[in-house]
Trainee: 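Got a structure for you, questions after.
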Amino acid sequence: MSFTFASWNINSIRARAHLVQDWLERHPECDLLCLQEIKCEDSQFPTVFHEAGLHVATTGQKAYNGVALIGRRPFEVTTHHLPGFEDPTARYIEADMDGLTIGNLYLPNGNSGGEDGYAKKMAFFDALANRATTFLESEKSFAFIGDYNVCPTDEDLAPGALSPTDALVRPETRAAFNRLQWLGLTDALRAVQPTGRHYTFWDYQAAAFQRNSGLRIDHALLSPRVTERLVSFTIDRDERAAEKASDHVPVLVTLR
DNA sequence: ATGACAAAATTCTTTTGA
């Protein structure tokens, strides 16, 4: 049985609910959409999706961050926070659907708040690695998808797009991302496109999209059993050209 | 070294993002 899930950092769901509605209509194959940066409290999440018969769950907070799930069929939320990450910001929601556990994450950027801010990014990675280890020991089928705020290699950002000391490319950041792969998880994009520049984010500033000065920071890491089922990883690049677009575009994972 | 965009709250500026 085929299963498709997607991730999209929407940069305010209230400002872009119509874009998500349109996108879902154009992608009937998407069973579960994972959103990040909804930038609202749970009670402020637009009601149009529930009214359209979709299933919605949120981990929201005032003004910043926030993640949500929109499913075509019911799913069961397993947690609203990443176990072991002791931070009040809304950055994780996880659910079971069709025998699969999907963790939807919004990793701290790590550039603000000095070394303390960067330490939070590393702490999130540690907690995610622990979650992965627990799941791997039980041979669970799972995926961690979302905005990782990491360019895994130099091929994952346009030349000159970031300073070499930026938290998205620091060696410690890349090591933390690599560690998840060494545990046995697979970077879905690289499983289907081993080389090449494939971006998921273009800054609003300095005509970054027109110059294709982008970053690959939205990723899906798959457990071994899910990797065996991987059919495609698609970056919906055209969405960046929409009126009032988010600075991130949707990415889709299809399993057989 | 700085600013360029965009969104929300702290609202006509400031904070944060990547």
Side-chain angles (χ1 to χ4, degrees), chain A residues 7-21 23 34-46 58-68 87-92 104-125 145-174 176-177 189 197-219 235-237 239-251:
Chain A
S7 173
W8 194 0
N9 180 321
I10 196 62
N11 185 21
S12 172
I13 187 62
R14 286 178 293 173
R16 289 184 243 283
H18 61 290
L19 289 179
V20 175
Q21 284 181 275
W23 188 87
C34 303
L35 297 171
Q36 303 88 36
E37 285 207 85
I38 62 173
K39 292 189 171 179
C40 68
E41 297 182 295
D42 296 334
S43 62
Q44 300 173 306
F45 196 87
T58 59
T59 300
Q61 69 171 86
K62 193 173 179 180
Y64 302 116
N65 309 314
V67 290
D87 183 280
T89 55
R91 295 183 175 278
Y92 191 78
N104 171 19
L105 61 95
Y106 175 48
L107 245 134
N109 173 293
N111 278 311
S112 59
E115 280 308 303
D116 287 350
Y118 188 71
K120 283 197 174 173
K121 181 172 196 165
M122 294 296 101
F124 193 106
F125 268 119
I145 189 168
D147 179 358
Y148 282 73
N149 272 317
V150 177
C151 303
T153 74
D154 285 345
E155 205 174 15
D156 297 310
L157 71 161
L162 294 176
S163 145
T165 59
D166 193 285
L168 278 64
V169 298
R170 270 170 69 160
E172 303 93 316
T173 307
R174 287 175 167 174
F177 186 79
L189 180 279
R197 297 184 179 276
H198 307 277
Y199 306 137
T200 64
F201 165 93
W202 294 263
D203 201 295
Y204 288 120
Q205 303 183 58
F209 186 56
Q210 287 73 14
R211 296 185 296 114
N212 195 27
S213 180
L215 312 175
R216 183 171 81 95
I217 52 178
D218 299 276
H219 311 298
I235 299 172
D236 192 357
R237 189 179 194 283
E239 193 65 36
R240 186 63 180 81
E243 189 83 14
K244 298 269 282 180
S246 169
D247 40 7
H248 297 248
V249 295
V251 299

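Just so we're on the same page: letters track the sequence lines, and every chain starts at 1.
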Trainee: Starting at the 5' end of DNA chain B, which residue's closest nucleotide do you reach first, A:A206 or A:P108?
Mentor: A:A206

Trainee: Locate the shortest heavy-atom distance separating A:L107 from A:Y148; write the atom from each residue and the value.
Mentor: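 What the structure gives for the nearest pair is CB-O, 3.4 Å.
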
Trainee: Could you give the distance separating B:dT15 and B:dT11 at their P atoms, to the nearest angstrom?
Mentor: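 These two P atoms come out 11 Å apart once rounded.
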
Trainee: Hey, does the side chain of A:Y106 come within less than 4.0 Å of B:dA18's phosphate (OP1/OP2), counting only N and O?
Mentor: yes

Trainee: With a 4.0 Å limit, can you tell me whether A:S112 has a side-chain N or O closer than that to the phosphate oxygens OP1/OP2 of B:dG17?
Mentor: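 Answer is yes, contact under 4.0 Å.
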
Trainee: If I pick the P atom on B:dA8 and the same atom on B:dA18, what distance separates them, to the nearest angstrom?
Mentor: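 14 Å, rounded to whole Å.
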
Trainee: Quickly work out the A:F45 CZ to B:dA8 P distance and round it to whole Å.
Mentor: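 After rounding, the reported distance stands at 13 Å.
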
Trainee: Rounded off to whole Å, could you give me the CD-to-C1' distance for the A:Q210 and B:dC5 pair?
Mentor: 12 Å

Trainee: Using atom P of each nucleotide, how far apart are B:dT14 and B:dG3 to the nearest Å?
Mentor: 13 Å

Trainee: Quantified in whole Å, what is the C1' atom distance between nucleotide B:dC12 and nucleotide B:dA7?
Mentor: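 One C1' to the other, the span is 15 Å.
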
Trainee: Side chain of A:Q205 only, heavy atoms from C-beta on: which candidate in B:dT10, B:dA18, B:dA4 is closest?
Mentor: B:dA4

Trainee: Taking NZ, NE, NH1 and NH2 as the nitrogens, is one of them in A:R174 or A:D154 under 4.0 Å from a carboxylate oxygen of the other?
Mentor: yes

Trainee: How many Å lie between CG on A:L19 and P on B:dA7, as a whole number?
Mentor: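 Rounding to the nearest Å, CG of A:L19 and P of B:dA7 are 10 Å apart.
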
Trainee: Just jot down the side-chain contact (heavy atoms from CB on, under 4.5 Å) partners of A:T153, sequence neighbours excluded, or say none.
Mentor: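 Scan of A:T153 (side-chain contact (heavy atoms from CB on, under 4.5 Å), adjacent residues dropped) gives A:E155, A:D156.
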
Trainee: Please pick, from B:dA9, B:dT15, B:dG17, the nucleotide with the shortest atom-to-atom distance to any side-chain atom of A:Y64.
Mentor: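 For A:Y64, the side-chain atoms sit closest to B:dT15.
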
Trainee: Nearest to the side chain of A:K62, heavy atoms from C-beta on, is which of B:dA18, B:dA7, B:dA9?
Mentor: B:dA9

Trainee: What integer distance in Å separates A:I13:CD1 from B:dA8:P?
Mentor: 11 Å

Trainee: Any side-chain N or O of A:N149 under 4.0 Å from OP1/OP2 of B:dA18?
Mentor: yes

Trainee: Side chains of A:N11 and A:E37: do they bring a donor and an acceptor to under 3.5 Å?
Mentor: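 Looking only at side-chain atoms, A:E37 and A:N11 do not form any donor-acceptor pair under 3.5 Å.
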
Trainee: Output yes when at least one side-chain N/O atom of A:K39 is less than 4.0 Å from OP1 or OP2 of B:dT16, else no.
Mentor: no

Trainee: Would you mind classifying the nucleic acid contact of A:D147 as base, sugar-phosphate or nothing, using non-hydrogen atoms under 4.0 angstrom?
Mentor: sugar-phosphate

Trainee: Mind checking if A:F209 touches a base, just sugar-phosphate, or nothing, with heavy atoms under 4.0 Å?
Mentor: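 No contact.
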
Trainee: Can you check the distance between B:dA4 and B:dT16, where both ends of the measurement are the C1' atom (answer in whole Å)?
Mentor: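 It comes out at 15 Å once rounded to the nearest Å.
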
Trainee: Over 60° means perpendicular and under 30° means parallel, so tell me whether A:F124 and A:Y92 are parallel, tilted or perpendicular.
Mentor: perpendicular

Trainee: Could you check how far OH of A:Y204 sits from P of B:dC5, rounded to whole Å?
Mentor: 13 Å

Trainee: On DNA chain B, does the nearest nucleotide to A:A63 precede the nearest nucleotide to A:N111 from the 5' side, or the other way round? Give the residue.
Mentor: A:A63

Trainee: Looking at B:dA6, I'd like to know if its phosphate oxygens (OP1 or OP2) sit under 4.0 Å from a side-chain N or O belonging to A:R16.
Mentor: no

Trainee: Just the rounded figure in Å: distance from C1' of B:dA6 to CH2 of A:W202.
Mentor: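 Checked: the CH2 to C1' distance equals 17 Å.
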
Trainee: OP1 or OP2 of B:dT16 less than 4.0 angstrom from a side-chain nitrogen or oxygen of A:N11, does that happen here?
Mentor: no

Trainee: Could you pull out every donor-acceptor pair under 3.5 Å between side chains of residues 158-169 of chain A and any protein atom, sequence neighbours left out?
Mentor:
from: A:S163; atom 1: OG; to: A:T165; atom 2: N; distance (Å): 3.0
from: A:S163; atom 1: OG; to: A:T165; atom 2: OG1; distance (Å): 2.8
from: A:D166; atom 1: OD1; to: A:N111; atom 2: ND2; distance (Å): 3.0
from: A:D166; atom 1: OD1; to: A:L168; atom 2: N; distance (Å): 2.8
from: A:D166; atom 1: OD2; to: A:N111; atom 2: ND2; distance (Å): 3.3

Trainee: Have A:T173 and A:Y118 got a donor and an acceptor in their side chains that come within less than 3.5 Å?
Mentor: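 Yes.
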
Trainee: With a 4.0 Å cut-off on heavy atoms, is A:N9 in touch with a base, just the backbone sugar-phosphate, or nothing at all?
Mentor: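 Result for A:N9 = sugar-phosphate.
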
Trainee: Rounding to a whole Å, what distance do you find between A:H248:NE2 and B:dT16:C1'?
Mentor: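 Atom-to-atom, A:H248 to B:dT16, this comes out as 13 Å.
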
Trainee: Once you round it to whole Å, what is the distance between C1' of B:dA8 and CD1 of A:I38?
Mentor: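 Checked: the CD1 to C1' distance equals 14 Å.
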
Trainee: Regarding A:L162, tell me which of base, sugar-phosphate or nothing describes its non-hydrogen contacts under 4.0 Å with the strands shown.
Mentor: nothing

